[in-house]
Asker: 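Please find one structure pasted underneath; my questions will follow.
Only a predicted model underlies this, so the values are computations on that prediction, with no experimental measurement involved. This chain uses plain numbering: 1 for the first residue, then up along the sequence. Computed from heavy atoms alone, side chains included, the values below leave out hydrogens, waters and symmetry copies.
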Amino acid sequence: MSKELEKLEKVAAIKCITDQEHIDRIIRYMLSLPFSCFKKDESRYRYLRFDLCSGFSLCEDDLDSISVSDVLILIGYEPGNSYFNPPDSKRIYRSKGRKFNAAGNSYVLALLIDSLAKSNIRIKEFKHIGLSSYIGYLKKKVDEEYKNKLLPLSACSDILRRIEGFSRKARDYVFTDPQPGIGSEGDITLGDLIYKALTVCAKSWMCSVKPLDMYCSEIIDSYDVLNRLFMDSLRMPLVPSDRERLQEIITKYRDREADDPVIIDYSICYEHGGIIKQ
């Protein structure tokens with residue numbers, strides 16, 4: 001037992017995880033977790049469960065057993081679902097596009113992961129993954145799939161474009177007005193990104209401190225970077241999905257009392273993609 005404890009302490013002491021195999025183990029573990037692993041953070045867990053169930057006509061009691069990877073699939077189809085349109089959507093869409101519909105629940109997922117990291121060593125490790133190493137891990141996965149002819153060139157190009165876009169956005173975001181405690185550019189972690197975004201989102205507006213438009217822009221940018229983290233760099237590269245998989249989820253967890261079909265504009269959703277096979 002002491003050896004296991006010592007091993008866990010050493011793992012917890014790593015501030016920036018760079019090993020590719022280690023990163024792969026962390027990601028696979030997190031994606032395979034049941035959604036119910038977040039239950040200790042009851043209010044946020046119940047909020048996300050209720051929102052997903054309301055938007056996709058699912059049964060709340062059944063959704064506890066869904067996997068984190070399937071939660072990402074549902075969030076990825078929120079852009080085409082009008083239920084998830086944000087207030088003042090026309091203004092937001094002008095700068096961020098319809099895919100911003102997924103940003104609200106990406107934010108809630110970040111809160112749940114941040115909370116779970118306090119008690120789950122593997123989720124704590126997720127926050128310690130170095131950004132540069134993570135980007136390298138994703139690109140290697142894409143390249144392997146393309147070379148093995150398991151990923152067409154068009155999908156490969158799209159996924160790599162998303163990965164590069166997330167990388168640039170994350171670095172610009174972290175080093176624009178960086179928060180105390182965030183490391184140098186050489187060792188930015190996913191936790192640094194999550195920490196800053198959640199810190200900014202938690203700030204309330206005070207009229208004597210900054211203009212309202214500036215405050216709104218900072219909040220929207222923070223939601224946007226979390227949306228890119230979970231959709232462009234996790235959901236699209238690593239979670240296999242198509243419309244058939246979405247329908248399987250809806251059929252399995254369908255609220256039997258719901259009569260209306262779920263209407264989705266698939267052309268603006270996060271669909272297809274996915275490298276890691278469960």
Side-chain angles (χ1 to χ4, degrees), residues 7-8 10-42 44-45 47-49 52 63-78 102-103 105-142 145 159 162-163 166-167 170 188-195 197-198 225-241 245 249 270 273-278:
K7 182 180 177 181
L8 289 174
K10 286 181 178 179
V11 168
I14 300 174
K15 299 302 181 184
C16 184
I17 296 172
T18 60
D19 181 75
Q20 300 286 295
E21 291 184 4
H22 193 173
I23 292 172
D24 189 58
R25 289 195 298 272
I26 296 166
I27 297 298
R28 288 178 181 273
Y29 170 82
M30 188 173 77
L31 292 177
S32 66
L33 282 173
F35 184 42
S36 58
C37 70
F38 297 119
K39 265 189 171 182
K40 287 184 179 180
D41 193 347
E42 184 179 1
R44 290 162 179 161
Y45 173 76
Y47 170 85
L48 180 54
R49 188 180 66 176
L52 292 174
L63 208 65
D64 291 348
S65 61
I66 198 171
S67 67
V68 170
S69 62
D70 283 347
V71 169
L72 288 170
I73 290 173
L74 289 174
I75 294 175
Y77 280 97
E78 289 179 359
N105 282 335
S106 290
Y107 165 69
V108 180
L109 187 58
L111 288 167
L112 289 169
I113 286 174
D114 189 58
S115 177
L116 184 60
K118 296 179 177 68
S119 59
N120 186 308
I121 189 67
R122 278 289 175 83
I123 300 302
K124 184 177 182 179
E125 286 181 312
F126 173 75
K127 292 177 62 180
H128 286 184
I129 293 174
L131 177 62
S132 296
S133 299
Y134 181 59
I135 297 302
Y137 162 76
L138 294 175
K139 289 181 177 179
K140 182 180 179 182
K141 286 286 186 182
V142 173
E145 291 292 299
I159 292 173
R162 291 175 185 277
I163 293 169
F166 164 70
S167 179
I188 307 170
T189 65
L190 299 184
D192 289 333
L193 185 67
I194 292 171
Y195 171 74
L198 296 185
V225 78
L226 292 173
N227 194 45
R228 290 171 184 256
L229 169 62
F230 291 114
M231 293 294 105
D232 286 326
S233 87
L234 192 61
R235 155 68 190 92
M236 287 301 290
L238 299 177
V239 181
S241 172
R245 178 58 190 148
I249 295 171
Y270 293 95
I275 297 169
I276 288 183
K277 307 300 188 293
Q278 300 298 328

Asker: Between Y137 and L238, is any pair of side-chain heavy atoms under 4.5 Å apart?
Answerer: yes
Asker: Would you give the length of the straight line joining atom OG1 of T18 to atom CD1 of I23, rounded to the nearest 0.5 angstrom?
Answerer: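 If we round to the nearest 0.5 Å, T18:OG1 and I23:CD1 are 7.0 Å apart.
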Asker: Among all residues two or more places apart in sequence or in another chain, which pass the side chain to side chain contact (heavy atoms under 4.5 Å, CB included) test with S36?
Answerer: P34, K39, Y45, D64
Asker: Quick one: list whatever passes side chain to side chain contact (heavy atoms under 4.5 Å, CB included) with T189, sequence neighbours left out.
Answerer: C16, D192
Asker: Sequence neighbours excluded, which residues qualify as side-chain hydrogen bond (donor to acceptor under 3.5 Å, both in side chains) partners of K139?
Answerer: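 Scan of K139 (side-chain hydrogen bond (donor to acceptor under 3.5 Å, both in side chains), adjacent residues dropped) gives E164.
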Asker: Less than 4.5 Å apart, side chain to side chain, heavy atoms only: is that true for C37 and N120?
Answerer: no
Asker: Starting at CD1 of I26, measure out to NZ of K127 and round the result to the nearest 0.5 Å.
Answerer: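 Answer for the CD1-NZ pair, I26 versus K127, is 13.0 Å.
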Asker: A170: what forms a side chain to side chain contact (heavy atoms under 4.5 Å, CB included) with it, not counting sequence neighbours?
Answerer: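 So A170 forms a side chain to side chain contact (heavy atoms under 4.5 Å, CB included) with L131, F166, L193.
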Asker: Among residues at least two apart in sequence or on other chains, which ones pass side-chain hydrogen bond (donor to acceptor under 3.5 Å, both in side chains) with Y107?
Answerer: none
Asker: Looking at residues at least two apart in the chain, or sitting in another chain, which of them share a side chain to side chain contact (heavy atoms under 4.5 Å, CB included) with E21?
Answerer: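 Result, side chain to side chain contact (heavy atoms under 4.5 Å, CB included) vs E21: D19, R25.
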Asker: Check side-chain hydrogen bond (donor to acceptor under 3.5 Å, both in side chains) between S67 and all other residues, then give those that pass, not counting sequence neighbours.
Answerer: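 So S67 forms a side-chain hydrogen bond (donor to acceptor under 3.5 Å, both in side chains) with S69.
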Asker: Just verifying a value: how many Å separate R245 CZ and I73 CD1, rounded to the nearest 0.5 Å?
Answerer: 5.5 Å
Asker: Tell me the closest heavy-atom pair linking M231 and G76, and the distance in Å.
Answerer: SD-CA, 3.5 Å
Asker: Would you name the heavy atoms of M30 and V68 that are closest together and state the gap between them?
Answerer: O-CB, 3.4 Å
Asker: Would you name the heavy atoms of K40 and S119 that are closest together and state the gap between them?
Answerer: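 Heavy-atom minimum between the residues: NZ-OG, 4.5 Å.
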Asker: Determine yes or no for a side-chain-to-main-chain donor-acceptor pair under 3.5 angstrom, with R28 supplying the side chain and S32 the backbone.
Answerer: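 Between the backbone of S32 and the side chain of R28 there is no qualifying donor-acceptor contact (under 3.5 Å).
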Asker: Is there a side-chain contact between I66 and L52, using heavy atoms and a 4.5 Å cut-off?
Answerer: no
Asker: Is any side-chain heavy atom of N105 closer than 4.5 Å to a side-chain heavy atom of E78?
Answerer: yes
Asker: Has the side chain of S115 got a donor or acceptor atom that lies under 3.5 Å from a matching backbone atom of L111?
Answerer: no
Asker: Rounded to the nearest 0.5 Å, what's the gap from OG on S233 to CG on N227? Could you check?
Answerer: 10.5 Å
Asker: Go through the structure and list residues passing salt bridge (charged side-chain N to carboxylate O under 4.0 Å, His left out) with R162, not counting sequence neighbours.
Answerer: D158, D232
Asker: Please report the C-alpha distance between D114 and Y195 in whole Å, then the side-chain angles of each, then the deciding distance to 0.1 Å, and finally whether the side-chain contact (heavy atoms from CB on, under 4.5 Å) criterion is met.
Answerer: CA-CA 8 Å; D114 189 58; Y195 171 74; over 6 Å; no
Asker: How many angstroms lie between atom CG of L226 and atom CG of L198, to the nearest 0.5 angstrom?
Answerer: 6.0 Å
Asker: Could you go step by step and tell me if I129 and I27 meet the side-chain contact (heavy atoms from CB on, under 4.5 Å) rule?
Answerer: CA-CA 10 Å; I129 293 174; I27 297 298; 4.2 Å; yes
Asker: Once rounded to the nearest 0.5 Å, what's the spacing between atom CG of D70 and atom CD1 of I249?
Answerer: 3.5 Å
Asker: Taking all heavy atoms of I163 and all of P237, pick out the closest pair and write down the distance.
Answerer: CG1-CG, 4.2 Å
Asker: Is the closest side-chain heavy-atom distance between Y134 and L190 below 4.5 Å?
Answerer: yes
Asker: In sequence, state the C-alpha distance, the side-chain angles, and the governing distance for I194 and L229, and then conclude on side-chain contact (heavy atoms from CB on, under 4.5 Å).
Answerer: CA-CA 9 Å; I194 292 171; L229 169 62; 3.9 Å; yes
Asker: Does R228 have any salt bridge (charged side-chain N to carboxylate O under 4.0 Å, His left out) partners at least two apart in sequence or in another chain, and if so, which?
Answerer: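 Applying salt bridge (charged side-chain N to carboxylate O under 4.0 Å, His left out) to R228 gives D224.
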Asker: Do L31 and L72 have side chains that get closer than 4.5 Å, going by heavy atoms?
Answerer: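 SC-SC contact between L31 and L72 confirmed.
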Asker: Around Y47, counting heavy atoms of other residues, nucleotides and ligands shown, do more than 12 lie under 6.0 Å from its OH?
Answerer: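 No, OH of Y47 has 12 or fewer neighbouring heavy atoms, counting only those of other groups under 6.0 Å.
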Asker: Where do A102 and Y270 come nearest, in terms of heavy atoms and distance?
Answerer: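 Taking A102 first and Y270 second, the nearest heavy atoms are CB-CE1, 4.3 Å.
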Asker: Between L109 and F38, is any pair of side-chain heavy atoms under 4.5 Å apart?
Answerer: yes
Asker: Name all residues meeting the ring pair (Phe, Tyr, Trp, His ring centres under 6.0 Å) criterion together with Y77; count only those two or more places apart in sequence or in a different chain, and write none if there are none.
Answerer: Y266
Asker: Ignoring hydrogens, what is the shortest heavy-atom contact between L63 and R49? Give both atom names and the distance.
Answerer: CD2-CG, 4.0 Å
Asker: Who are the side-chain hydrogen bond (donor to acceptor under 3.5 Å, both in side chains) partners of R122, not counting sequence neighbours?
Answerer: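 If we apply the side-chain hydrogen bond (donor to acceptor under 3.5 Å, both in side chains) test to R122, skipping adjacent residues, the hits are E125.
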